[in-house]
Every structure is written in C-alpha cells, then in structure tokens.
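Chain A is the first sequence line, chain B the second, and so forth, proteins listed ahead of strands; every chain is numbered from 1.
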2 protein chains.
Amino acid sequence: MAKARSEMIAETRAKLVAAARHAFGTVGYANASMDDFTAGAGLTRGALYHHFGDKKGLLQAVIQQIDAEMTARLHKVSAKAPTRWQAFVDECVAYIEMAVEPEIQRILFRDGTAVLGDISQWPSTNGCIQALADALRQLQTDGEIGADIDIDVTARLINGASAHAALWIANSDDPQATSKRAVEGFRTLLERLKT
Amino acid sequence: MAKARSEMIAETRAKLVAAARHAFGTVGYANASMDDFTAGAGLTRGALYHHFGDKKGLLQAVIQQIDAEMTARLHKVSAKAPTRWQAFVDECVAYIEMAVEPEIQRILFRDGTAVLGDISQWPSTNGCIQALADALRQLQTDGEIGADIDIDVTARLINGASAHAALWIANSDDPQATSKRAVEGFRTLLERLKT
DNA sequence: ATGTCTTACATACACGACGTATGTAAGATG
DNA sequence: CATCTTACATACGTCGTGTATGTAAGACAT
C-alpha cells in the first residue's frame with residue numbers, strides 16, 4: 001500500500017492547492033487567511049507549512065497549476081487553427097480572454113507579480129510566453145513576419161500588452177464592449193507584424 | 001498665521017508621503033510597517049490615519065505623486081524632440097526607462113496594481129497613458145499613423161507592453177543588455193504603426 | 001515480527017501589524 | 001472669552017503569520 005500512501009499525500013497537496021486557489025482567486029492573496037481555507041479543506045496550517053514552506057510557496061504552487069492549464073488551453077487553440085498566422089492571432093486573443101477571467105487575473109497578474117516579482121523569470125513558469133514565442137518563431141521561419149523582429153522581445157511585449165488589456169477590460173464599466181475594442185485594436189497591431 | 005498653520009499641515013502630509021514612498025519603494029507595501037516609517041518621519045500612525053484613512057489611502061497618495069512626476073518627465077522629453085514622431089518614440093522609450101527604476105517599478109507596477117487594481121482606472125491617475133494617447137492622436141491627425149488605429153486601445157497596449165518590458169528588464173541578469181534589446185524591439189514595433 | 005526512524009500532519013505559542021477608540025492641545029470661530 | 005473643531009498622539013483589541021513542539025502512522029532494518 002505504498003501507493004495508497006503517496007496517493008493520500010498527493011491528494012492533500014491537491015486539496016490545499018485547490019483551497020488556496022479558490023481563496024486567492026476570490027478574496028486575494030493578502031486577505032486569504034491560511035487558517036480559514038485550510039480548515040475548509042479539512043486540514044490545518046500545519047499541513048500547509050509542511051508541504052509548501054510558507055504562504056508564498058503555496059502561491060507558487062497555485063500559479064504553476066494555473067499556468068499549466070493556460071498553456072494547455074493555448075496549445076489547443078493554436079492546434080485548431082487552419083494557418084500558422086491564424087493560430088498565432090487566435091493564441092493572442094485567447095490569452096486576452098483567459099486573462100480576463102477573475103481568478104487568473106487576480107492570482108497571476110495582481111498578486112503573483114506583487115508577491116513573487118516577474119512571473120516570466122521563474123523556472124518552468126509562464127509557458128504562455130514560450131507558446132507565443134514558439135508561434136512567432138514558426139512564422140518568422142515561414143517568412144510571414146519580418147526577419148528584423150526580435151522574437152523573445154516581441155513575445156514578451158505582446159504578453160505584457162495582453163495582460164494589461166485584460167486588466168483594462170475586466171475593470172471597465174462594460175467589459176463586453178471593451179473586450180471587443182481591445183481585441184480589435186490588438187488585431188490591427190498584429191497585422192502590422194506581417195512582412 | 002492661518003497660512004503658517006496650513007503650511008504645517010501640508011508639510012506633515014508631505015513628510016508622511018515621502019516616508020511611505022521610501023518604505024514602499026524599498027521593502028514593498030506589505031512589508032512596510034506604518035509604525036516604523038511614521039516614526040522615521042517623527043510622527044505616529046495617528047497622523048497617518050487622520051490624513052489618509054488607511055494604508056491603502058496612503059499608497060494612493062504616493063502613487064499620485066509619482067504619476068505626476070512621471071507625467072511631467074514625459075512631457076519634458078516629448079517637448080525636446082524635433083518631430084512629432086520622434087517625440088512619441090522618445091516618450092515610449094522614456095517610459096520604459098522610468099519603469100525600470102526600482103521605486104517606480106515596485107510601487108506602481110507591483111504593489112499598486114495588486115492593492116488598488118488597474119491603475120489606469122483611477123480618476124486623475126496615470127497621466128502617462130493620457131500623454132501617450134495625446135501623442136498618438138496628434139500623429140493620427142497629422143496622417144503619420146494609420147487611421148484604422150484605435151488610439152485609446154493602442155495607448156493602453158503600449159503602456160502595458162512597456163510596463164512588462166520594464167519588469168523583464170529589471171529582473172533580468174543583465175539589465176543593461178536586456179534594456180537595449182527591449183528598446184530596440186520596441187522601436188521596430190512602433191515603426192510599424194506608421195502609414 | 002519488532003523496534004527504530006522518518007514522515008505527515010496537528011497543536012500551541014510568540015510576535016508583529018493593522019485598525020479603532022479615546023485623549024489632548026492648539027488654533028479657528030462666534 | 002468661551003466653544004468648537006482640527007491635528008495629531010496614545011492605548012488597546014484583534015487577527016494573521018511563522019515557528020516550535022507534539023503525535024500517530026507508515027517505512028525499514030534486523
């Protein structure tokens with residue numbers, strides 16, 4: 001039953017991450033009491049400190065989970081597109097749309113950056129930027145975008161623009177309308193990357 | 001001596017803002033103890049709560065001060081440029097360079113967003129976006145950039161891209177080199193806005 | 001099979017920080 | 001000159017984090 005044991009452990013970790021993710025995503029990192037949400041998961045802070053070291057460690061685990069999910073979603077979107085260019089644009093738009101979701105917005109773009117600094121700097125996090133960079137690289141080798149474009153820089157700039165656009169959208173009076181405007185404006189800018 | 005009195009009050013406010021700004025800029029908002037930095041200014045938390053309501057209010061005051069300074073600096077930069085286009089590009093580059101400064105980065109882009117949400121949504125804050133939008137509007141009426149470009153959206157996207165670029169630069173191993181790359185990549189993208 | 005050792009948590013405690021309620025002295029106002 | 005308001009300081013309660021300690025159960029060696 002060694003397996004059952006490790007399964008139990010993995011389960012507790014998952015429960016803690018899930019509980020923290022919910023708390024962070026709703027009330028925010030600073031306002032989330034570890035006592036509260038661990039109790040909600042039927043555990044105590046002891047388990048938390050044992051597995052994740054401290055509150056920041058837990059946030060990191062939550063972010064890794066979210067980032068993995070987002071990356072998977074981006075890959076799915078680009079896989080469905082008929083052309084490479086379409087795949088790239090769809091990825092960007094999908095990224096913005098994901099970034100508008102309250103949980104992602106709050107945890108990744110607000111608390112994540114504040115508590116842990118630049119997300120794109122952590123090892124094995126933000127596969128999203130990687131996904132964008134990969135798409136751009138493909139387009140460049142295909143000759144669809146200018147050879148003068150610095151892929152990594154551009155990927156980050158696009159990522160930043162998307163994140164901020166998402167912030168703007170989510171906090172605007174009419175998110176629907178703002179989203180439309182933002183995505184439209186974004187498309188026109190992306191068009192200009194073409195050769 | 002009514003004037004002397006109001007002057008004293010303004011002075012205390014200024015002292016509190018300055019002390020908070022220094023603390024927030026160095027150790028960060030969450031780690032800045034109000035007892036500590038008010039004592040450093042020769043005051044107590046009582047004055048702080050009286051003038052700013054709470055810690056968030058103080059952060060808001062600090063950010064307003066910083067934003068005003070940044071806006072002034074941007075205007076100065078653009079005023080010095082020979083052409084409208086040059087003025088715009090210089091503003092963008094100057095914005096990135098300012099955003100790399102530790103104090104601005106920490107207070108505006110990390111803690112500001114986390115604690116208060118989207119900065120560009122607050123009334124009379126982020127004159128920087130306004131400055132960018134104004135410059136873009138000028139260029140559009142002059143016919144230097146496409147009529148299909150949505151000014152407000154683009155200003156925000158550029159702002160977001162700059163902010164993220166700054167995060168990237170500041171946290172990179174070699175900020176100097178990264179800054180060069182980022183600014184260069186940024187320039188090439190901006191060039192593509194032209195008609 | 002049994003004793004030891006390690007792991008996975010729970011419990012208890014100390015410390016610090018925020019917010020609030022209250023106090024007070026000095027200037028403003030009539 | 002009396003009252004009222006303003007601009008702070010002081011004192012206190014509460015909460016949240018981190019750490020130190022306790023404990024029960026599984027892993028492992030003999």
Side-chain angles (χ1 to χ4, degrees), chain A residues 1-63 106-107 111-112 114-116, chain B residues 1-62 106-107 110-112 114-116:
Chain A
M1 293 293 161
K3 203 164 145 202
R5 171 144 174 94
S6 61
E7 261 175 29
M8 293 292 295
I9 294 171
E11 199 178 318
T12 33
R13 281 182 63 99
K15 275 200 281 191
L16 286 172
V17 169
R21 178 172 173 170
H22 179 70
F24 293 166
T26 49
V27 299
Y29 176 80
N31 295 323
S33 163
M34 302 169 84
D35 279 323
D36 282 0
F37 66 76
T38 50
L43 295 160
T44 69
R45 257 180 13 210
L48 205 158
Y49 278 97
H50 178 71
H51 286 294
F52 301 99
D54 60 352
K55 203 180 181 183
K56 278 164 81 170
L58 183 58
L59 177 62
Q60 228 164 333
V62 169
I63 288 181
R106 177 88 223 198
I107 298 178
D111 295 331
V115 177
L116 302 167
Chain B
M1 295 289 161
K3 203 164 145 202
R5 170 142 174 94
S6 59
E7 261 175 29
M8 292 294 293
I9 294 171
E11 198 178 318
T12 32
R13 282 183 63 101
K15 274 200 281 190
L16 286 172
V17 169
R21 177 171 173 171
H22 182 254
F24 292 166
T26 48
V27 298
Y29 176 82
N31 295 323
S33 161
M34 302 170 84
D35 279 323
D36 282 0
F37 65 75
T38 50
L43 295 160
T44 69
R45 257 182 13 217
L48 205 158
Y49 277 98
H50 178 72
H51 286 294
F52 302 98
D54 60 351
K55 203 180 181 184
K56 277 164 82 168
L58 183 58
L59 177 61
Q60 227 164 334
V62 169
R106 178 87 223 198
I107 298 179
R110 289 183 56 174
D111 295 332
V115 177
L116 302 167

Check this one for me: any side-chain N or O of A:His50 less than 4.0 Å away from OP1 or OP2 of C:dC9? no
For C:dC9, does either OP1 or OP2 sit under 4.0 Å from a side-chain N or O belonging to A:Thr12? yes
Look at B:His51 and D:dC8 and indicate whether a side-chain polar atom (N or O) is within less than 4.0 Å of OP1 or OP2. yes
Counting heavy atoms not belonging to B:His51, are there more than 12 under 6.0 Å from its NE2? yes
For A:Val17 and A:Ala61, which heavy atoms make the closest approach, and how far apart are they? CG2-CB, 4.2 Å
Separation of C:dG27 atom C1' from B:Ile9 atom CD1, nearest Å, is 9 Å
Divergence of helical axes at both termini of the helix from C:dA1-D:dT30 to C:dG30-D:dC1 - five pairs an end, 10° steps: 10°
Measure all distances between protein nitrogen or oxygen atoms and nitrogen or oxygen atoms of nucleotides 15-18 of chain C, and list the pairs falling under 3.5 Å.
{"residue": "C:dC18", "atom": "OP1", "partner": "B:Ala32", "partner atom": "O", "Å": "3.1"}
{"residue": "C:dC18", "atom": "OP1", "partner": "B:Lys55", "partner atom": "NZ", "Å": "2.7"}
{"residue": "C:dC18", "atom": "OP2", "partner": "B:Met34", "partner atom": "N", "Å": "3.2"}

Side-chain contact, heavy-atom cut-off 4.5 Å: A:Gln60 with A:Phe52? no
Measure the CD1-NE2 distance between B:Ile9 and B:His50 for me, rounded to the nearest 0.5 Å. 7.5 Å
Of the non-hydrogen atoms in A:Lys55 and A:Tyr29, which two are nearest, and what is the gap between them? NZ-O, 2.9 Å
B:Leu48 vs A:Asp54, nearer the 5' end of DNA chain D by closest nucleotide: B:Leu48
Any non-hydrogen side-chain atom of A:Phe37 less than 4.5 Å from a side-chain atom of A:Thr26? no
Scanning both residues in full, the closest heavy-atom pair of B:Val62 with B:Ala20 reads CG2-CB, 4.0 Å
Round to a whole Å and report the spacing from CD of B:Glu11 to P of D:dT6. 21 Å
Rounding to a whole Å, what distance do you find between A:Met8:CE and D:dA24:P? 17 Å
Considering all heavy atoms, the nearest A:Val115-B:Arg110 contact: O-NH2, 4.0 Å
In whole angstroms, how far is the C1' atom of D:dG18 from the CG atom of A:Leu58? 14 Å
Give me the atom names and distance for the closest heavy-atom approach of A:Gly112 to A:Leu59. CA-CD2, 4.4 Å
Round to a whole Å and report the spacing from CZ of B:Arg13 to P of D:dC8. 10 Å
